2 protein chains.
Amino acid sequence: MPRKTPDQLRDVLRDFRRDQVIDVARRLFGERGSADISMEEIATEAGVARSTVYVYFANRDELLRACLERMHTQLLDGLAAAWEEGAEPEDRLRTLFEGVFALIDDSPAFFRLAVTAEDAVAVTADAVQRGASPSTPGLALIGLNIARLIQDLYVEGVAAGRFRSLDPATATALIGQMLFGAMSIRAGDPAPGPRNEAAAVVCDFVLHGLAAGQSPH
Amino acid sequence: MPRKTPDQLRDVLRDFRRDQVIDVARRLFGERGSADISMEEIATEAGVARSTVYVYFANRDELLRACLERMHTQLLDGLAAAWEEGAEPEDRLRTLFEGVFALIDDSPAFFRLAVTAEDAVAVTADAVQRGASPSTPGLALIGLNIARLIQDLYVEGVAAGRFRSLDPATATALIGQMLFGAMSIRAGDPAPGPRNEAAAVVCDFVLHGLAAGQSPH
DNA sequence: AACGAATCGGACACCGTGTCCGATTCGTTG
DNA sequence: CAACGAATCGGACACGGTGTCCGATTCGTT
């Protein structure tokens, strides 16, 4: 957040307007596709002139990017809030799923849009391995940060003898894939079931897959 | 396939050109986003006038739809070819993963695009339950047909005592989500690992999750 | 009250879409 | 071979969205 403390009312207003544009854009992008929304519509809905939008964001793409970044921080904040309480790896996994599902439920269509944006889908464990340069422009961080959470959670579970021992990178990738798949399907589901329940089902399945004990050959 | 046998050379040519346009479009859509490709570029690349493209496809959207349908049939054909040999549920699951991965590797970026198209992501088991009307316009069928394969495979595995017994709809959804997640991540991976290996890893994980035997509470 | 930053709003050129139609190619048919 | 007709070409058109620019105006600041 490279932003000085806005002690001037002017700066506060500036930030407020910018945030408002992002909020409106996120909503509209989520309701219909990105292609069906004109800058004009966003501006009008946000109570701002079209030319003003271009003061804050150079492109339509940059506006979209800003929306995705907001989604990202929103997710991580929500996750961090509920993270500490359950130290058990199982509970943390459930927290992760529930947090992500909450985000999806908030604006389902927008998630689908986020997927299309390049590098958004880097939940690969390799990505974690080859050191996610924070300089990576923008969105890969979404996947990367979550991948870190998953990996920490997994190695902890293994250390506690609760999970079977796999290559951490592989395990992270598998959990990440399951998470991503569950997100995608839920985002596309016109009538998704209750959030806790859905999260619990997926979570249990993953835990089964990770459970210590010998496989049936 | 409501198409009469093309006994006239004229019809053959017509189909040939149409196919060529679809192939080119699929490639270009896959290389860059759909938004970055103009009809002009597709037409030129296919050796056809832009106005001619509009003879075959009313919209850009309809062209995209045709591309997705081709992807669909290509997948199902490839799957059907390797389906019979392994009667074991485990082998069929592996076949499924490998077939899908093959499709991804063929044109990775295009898959990401396919996800954005509405109703493409209906791998929900509920969808299978509430009877997939074949009249469903277009793309939901991708998910639905695969969901059917998965569900058949699963109930068979349960009957053979190889899988633990879950609600078939739930199990189908879980496997579908895993499949979808693995596809997505692989589609976004700039350097995906060897196909068999990747399929095997994911497949094993799913089998662990399905394995008969009591869970660790 | 005067200054200046931010906003407005309307103009502009540019590009892609989808439509249309006359000219032309090319397989077909007598 | 010649004439027909379907398909293609290619260039025109209107329309709408993008991104830029700039003078006029609002509004917080000093």
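These numbers were taken from a predicted model, which means no experiment stands behind them. Proteins get letters first, then strands, A, B, ... in listed order; numbering begins at 1 in each.
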Quiz question: by atom type and distance under 3.5 Å, do the side chains of Thr44(B) and Glu40(B) form a donor-acceptor pair?
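There is such a pair between these side chains.
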Can you confirm if the NZ or CZ of Arg17(B) lies within 45° of the ring axis of Tyr56(B) and under 6.0 Å from the centre of its six-membered ring?
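So Arg17(B) doesn't make the cation-pi contact.
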Arg186(A) side chain vs Gly193(A) backbone, donor-acceptor pair below 3.5 Å:
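Flag set: sc Arg186(A) to bb Gly193(A) pair under 3.5 Å.
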Using atom [atom1] of [X] as one end and atom [atom2] of [N] as the other, report the distance to the nearest whole Å.
| X | N | atom1 | atom2 | answer |
| --- | --- | --- | --- | --- |
| Ile42(B) | dT17(C) | CD1 | P | 8 Å |
| Asp61(B) | dT17(C) | CG | P | 11 Å |
| Phe16(A) | dC27(D) | CZ | P | 15 Å |
| Asp36(B) | dT18(D) | CG | C1' | 14 Å |
| Glu62(A) | dG19(D) | CD | P | 11 Å |
| Asn59(B) | dT17(C) | CG | P | 11 Å |
| Met39(B) | dC15(D) | CE | P | 21 Å |
| Leu64(B) | dT17(C) | CG | P | 13 Å |

4.5 Å side-chain heavy-atom contact, [X] and [Y]:
| X | Y | value |
| --- | --- | --- |
| Glu90(A) | Cys203(A) | no |
| Gln74(A) | Arg26(A) | yes |
| Asp106(B) | Met71(B) | no |
| Asp23(B) | Arg27(B) | no |

Please tell me which of the listed nucleotides, dA11(C), dG11(D), dG18(C), lies nearest to the side chain of Arg60(B)?
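Selected nucleotide (nearest to the side chain): dG18(C).
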Would you kindly check whether a donor in the side chain of Ser51(B) faces an acceptor in the base of dG10(D), or vice versa, at under 3.5 angstrom?
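Between dG10(D) and Ser51(B), which were checked side chain against base, a qualifying N/O pair under 3.5 Å is present.
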Has the side chain of Arg50(A) got a donor or acceptor atom sitting under 3.5 Å from an opposite partner on the base of dG10(C)?
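Not at all, since no donor on one side and acceptor on the other fall under 3.5 Å apart.
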Go through DNA chain C and write down every stem, that is, every run of at least three consecutive Watson-Crick or G-U wobble pairs with distances under 3.5 Å, as range with range.
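Stems (3+ consecutive pairs) listed as C:3-30 with D:1-28.
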All N/O pairs under 3.5 Å across the protein-nucleotides 5-8 of chain D interface:
from: dG5(D); atom 1: N2; to: Arg10(B); atom 2: NH2; distance (Å): 3.2
from: dT8(D); atom 1: OP1; to: Tyr56(B); atom 2: OH; distance (Å): 2.4
from: dT8(D); atom 1: OP2; to: Tyr56(B); atom 2: OH; distance (Å): 3.4

Salt bridge check, Arg92(B) against Asp152(B): does any charged N sit closer than 4.0 Å to a carboxylate O?
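No, no charged N to carboxylate O under 4.0 Å.
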List for me each residue that meets side chain to side chain contact (heavy atoms under 4.5 Å, CB included) alongside Ala25(B), sequence neighbours excluded, and say none if there are none.
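For Ala25(B), the residues satisfying side chain to side chain contact (heavy atoms under 4.5 Å, CB included) (neighbours in sequence not counted) are Phe29(B), Ile42(B), Leu63(B), Cys67(B).
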